[in-house]
Visitor: 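I have a structure I would like to understand better, so I am pasting it below and will then ask my questions one at a time.
Residue numbers begin at 1 in each chain, while the letters A, B, ... track the order of the sequences. Quick caveat: nothing in here was measured; it's all calculated off a predicted structure.
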Amino acid sequence: MSSTTLAMRDSMTMLRRNLLHAKRYPNMTLSVAFIPIFMLLLFVYVFGGAIGKGLATGDYVNFVTPGILMMATMSGSVVVAVSVSVDKTEGIINRFRTMPISRASVMTGQVVGSVIQTMISVVLVTLVALLIGFRPAAGPLGWLGVIGLMLLVAFAITWISAAFGLIAKGAETASNIGLPFQFLPFLGNAIVTPESMPAGLRWFAEYQPFTPIIGTLRALLMGQPVGGQGLVAIAWCLAGAFAGYFWARSAFNRRADS
Amino acid sequence: MPTHAQPAIAVTGLRKSYGDKLVLDGIDLTVPAGTIFSLLGPNGAGKTTAVEILATLKKPDSGEAQVNGFDLARQSDEIRMSIGVTGQFAAVDGYLTGEENLLLMADLNHLSKQEGRRKAAELLERFDLVEAGKKVSTTYSGGMRRRLDLAMTLVGDPRVIFLDEPTTGLDPRSRHTMWQIIRQLVANGTTIFLTTQYLEEADELADRIAVLDHGRIVAEGTAEQLKRRIPGGHVSLRFADPRALRAGELALRAAGEVSADEDALTLQVPNDGSFRALRALIDRLDGAAVEVEELSVHTPDLDDVFFALTGHPHDSQKDALR
Ligand SMILES: Nc1ncnc2c1ncn2[C@@H]1O[C@H](COP(=O)(O)OP(=O)(O)OP(=O)(O)O)[C@@H](O)[C@H]1O
Ligand SMILES: [Mg+2]
């Protein structure tokens with residue numbers, strides 16, 4: 001077998017291991033979905049009346065759901081930081097390192113497993129949104145775009161989160177280190193349009209990565225033209241995914257060469 | 001199969017420091033294939049560091065090493081394919097059952113599904129983990145986890161196995177079980193590189209022993225050779241009072257050098273502990289009508305070796321289980 005086939009096979013093994021963990025301890029996946037669902041209900045039913053009026057963009061649930069989906073992706077990525085850092089303390093990564101397996105496979109398995117879990121929670125959030133009145137207007141192509149974009153975002157954030165998990169001292173730190181970033185979508189167009197913010201914040205909101213990403217997602221879901229922000233969104237995702245991947249890889253290898 | 005001409009492990013001039021702390025200060029070792037080699041040393045001697053370097057986990061600062069004939073610097077993948085490592089701290093997946101852990105190893109060793117299942121079942125049986133195999137390994141006792149850890153190492157049929165303190169923290173019974181397992185492995189031709197801080201363990205298992213102290217190998221040889229490097233055995237005699245002690249000293253001085261401890265009321269007399277030598281000693285004491293409270297025979301063990309070689313007592317001497 002070629003080394004690529006072996007690497008694929010090892011990654012699949014690692015993925016199976018990761019999904020076995022998730023199956024054995026489903027609480028993690030569920031709690032990850034619970035927070036965005038809670039946020040969704042909170043924003044639609046509690047704040048929605050007040051915020052929605054000021055936005056004049058139609059039904060508020062249609063506006064806020066893409067933002068909440070992004071938060072679900074963010075909170076899903078915490079899983080990988082925790083599982084990577086737990087592995088580190090368990091010493092199992094050291095065992096993997098002494099075996100003739102593709103080194104990247106350990107990380108790949110974790111990241112792909114975490115992305116799958118994230119997608120499950122994204123689907124759960126979408127279902128709840130549909131239940132409470134979310135009415136997307138996307139055609140088949142639009143949905144394809146939505147799925148593609150969500151996967152791309154999830155991979156980017158998950159690789160970055162995996163790197164956090166590798167550099168964190170322990171599982172606790174690993175889950176907290178990404179916490180500030182969880183709020184990043186709030187400082188953009190997840191909940192409200194940036195126009196309503198004070199000048200400095202508005203400037204930040206307009207240029208931070210989540211604004212074009214959420215904007216694109218919203219346009220795709222509502223069947224509106226995506227415009228230039230689509231390319232910006234994809235560029236941010238690719239940049240994030242590559243940066244996260246190489247950062248994680250170097251953090252992983254650095255431990256080997258100490 | 002390695003030939004006998006080719007050692008399983010050959011190390012020359014291995015050095016490693018962390019920052020300005022020198023941990024391994026030029027180590028030379030040769031381990032013939034199919035033998036047990038023990039690296040013996042107290043806490044912080046550098047045992048784990050040596051294992052981690054040979055197991056491709058860490059890079060040495062300088063020096064050369066071959067494992068199974070493969071060069072450490074250039075052929076780490078080949079080395080990984082031929083070794084198994086059970087580290088000082090159990091490296092099992094706590095979220096998986098014992099059986100799933102073994103199947104994971106089978107997959108990573110690229111065994112077929114069927115072969116993997118057969119191997120896992122066989123190892124669970126051999127390591128007395130059949131029942132526990134269905135349980136998540138976080139629920140295991142320390143001894144069970146160590147056994148599972150070693151079983152995982154064996155899935156890939158490694159030719160050389162590194163065991164870093166395999167029995168530390170085990171009760172005497174589990175320790176004997178582990179010793180038995182290790183002996184079986186060697187009987188099947190596997191080479192074992194074992195670290196331990198228990199002198200008794202090295203004595204029990206190893207064909208050759210290297211004593212590591214502060215990153216240097218201060219002695220190497222068989223247990224017998226090491227024991228021969230220190231003064232022979234002696235007999236310790238305890239007396240009821242100083243008068244009897246002096247009488248005993250007087251009676252035995254003619255036969256050789258005697259050292260007395262006035263406070264403990266004891267005499268130490270060189271003696272190899274054989275029946276004849278003991279009878280001669282007792283006859284001599286009887287002849288002088290000296291009353292002895294207690295007699296104990298002391299044959300040299302590796303604790304004496306350690307003390308003689310390093311000039312400081314072994315740290316675990318006090319708490320070693322015996
Ligand atoms: N990553 C590291 N960074 C700095 N110092 C280290 C590191 N790893 C080990 N050391 C130091 O190197 C020395 C040798 O450590 P090592 O773990 O090899 O000892 P050991 O013989 O295995 O001890 P023990 O019996 O306690 O397991 C110790 O003084 C330790 O503090
Ligand atoms: Mg150690």
Visitor: Show the numbers, then the answer: is there a side-chain contact (heavy atoms from CB on, under 4.5 Å) between B/His110 and A/Asp10?
Guide: CA-CA 8 Å; B/His110 307 131; A/Asp10 292 341; 2.7 Å; yes
Visitor: Just wondering, more than 12 heavy atoms not from A/Phe34 lying within 6.0 Å of its CZ?
Guide: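 Not buried by this count: 12 neighbours or fewer within 6.0 Å.
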Visitor: Report, as yes or no, whether the 6.0 Å neighbourhood of atom CZ on A/Phe242 holds more than 12 heavy atoms from other residues, nucleotides or ligands.
Guide: no
Visitor: Under 4.5 Å from any heavy atom of chain A, what part of B/Thr97 do you find: side chain, backbone, both or neither?
Guide: both
Visitor: Among the options B/Ile83, B/Val85, B/Asn109, B/Ile79, pick out the one with the most heavy-atom pairs lying under 4.5 Å from chain A.
Guide: B/Val85
Visitor: Would you mind checking which part of A/Ile92 comes under 4.5 Å of any heavy atom in chain B, side chain (CB onward), backbone (N, CA, C, O), both or neither?
Guide: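 When you check distances to chain B, atoms from both the backbone and side chain of A/Ile92 fall under 4.5 Å.
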Visitor: For B/Ser76, is it the side chain, the backbone, both, or neither that has a heavy atom closer than 4.5 Å to a heavy atom of chain A?
Guide: neither
Visitor: Has B/Glu64 got more than 12 heavy atoms of other residues, nucleotides or ligands less than 6.0 Å from its CD?
Guide: no
Visitor: Could you tell me if the side chain of B/Leu96 sits less than 4.5 Å from the side chain of A/His21, heavy atoms only?
Guide: yes
Visitor: Could you check whether any side-chain heavy atom of A/Arg95 comes within less than 4.5 Å of a side-chain heavy atom of B/Thr153, counting everything from C-beta outward?
Guide: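 Side-chain contact under 4.5 Å: yes.
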Visitor: Among B/Glu52, B/Met105, B/Glu78, which has the most heavy-atom pairs under 4.5 Å with chain A?
Guide: B/Met105
Visitor: Is it the case that atom CD in B/Glu125 sees more than 12 heavy atoms from other parts of the structure closer than 6.0 Å?
Guide: no
Visitor: Check whether more than 12 heavy atoms from other residues, nucleotides or ligands sit under 6.0 Å from atom CE of A/Met8, and answer yes or no.
Guide: no
Visitor: Rounded to the nearest 0.5 Å, what's the gap from CZ on A/Phe96 to CG on B/Leu104? Could you check?
Guide: 5.0 Å
Visitor: Pick whichever of B/Arg80, B/Met152, B/Met81 has the most heavy-atom pairs under 4.5 Å with chain A.
Guide: B/Arg80
Visitor: What closest approach, in Å, do B/Leu57 and A/Arg97 show between heavy atoms, and which atom pair accounts for it?
Guide: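 Result for this residue pair: CD2-CB, 3.4 Å.
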Visitor: Under 4.5 Å, counting heavy-atom pairs only, tell me which of B/Gly156, B/Gly84, B/Gly94 racks up the most with chain A.
Guide: B/Gly94
Visitor: Between A/Arg24 and B/Tyr95, is there a donor-acceptor pair closer than 3.5 Å when you use the side chain of the first and the backbone of the second?
Guide: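 Pair found, side chain donor or acceptor close to backbone of B/Tyr95.
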Visitor: Starting at CD of B/Gln88, measure out to CG of A/Asn94 and round the result to the nearest 0.5 Å.
Guide: 12.0 Å
Visitor: When you compare the side chain of B/Leu108 with that of A/Met14, does any pair of heavy atoms fall below 4.5 Å?
Guide: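 Side-chain contact under 4.5 Å: yes.
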Visitor: Answer yes or no: does atom OH of A/Tyr25 have more than 12 heavy-atom neighbours from other residues, nucleotides or ligands under 6.0 Å?
Guide: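 Yes, enclosed.
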Visitor: Please determine if B/Glu100 and A/Arg16 form a salt bridge, counting it only when a charged side-chain N lies under 4.0 Å from a carboxylate O.
Guide: no
Visitor: Looking at B/Asp77 and A/Pro100, what are the two nearest heavy atoms and their distance?
Guide: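 The answer is O-CB, 4.3 Å.
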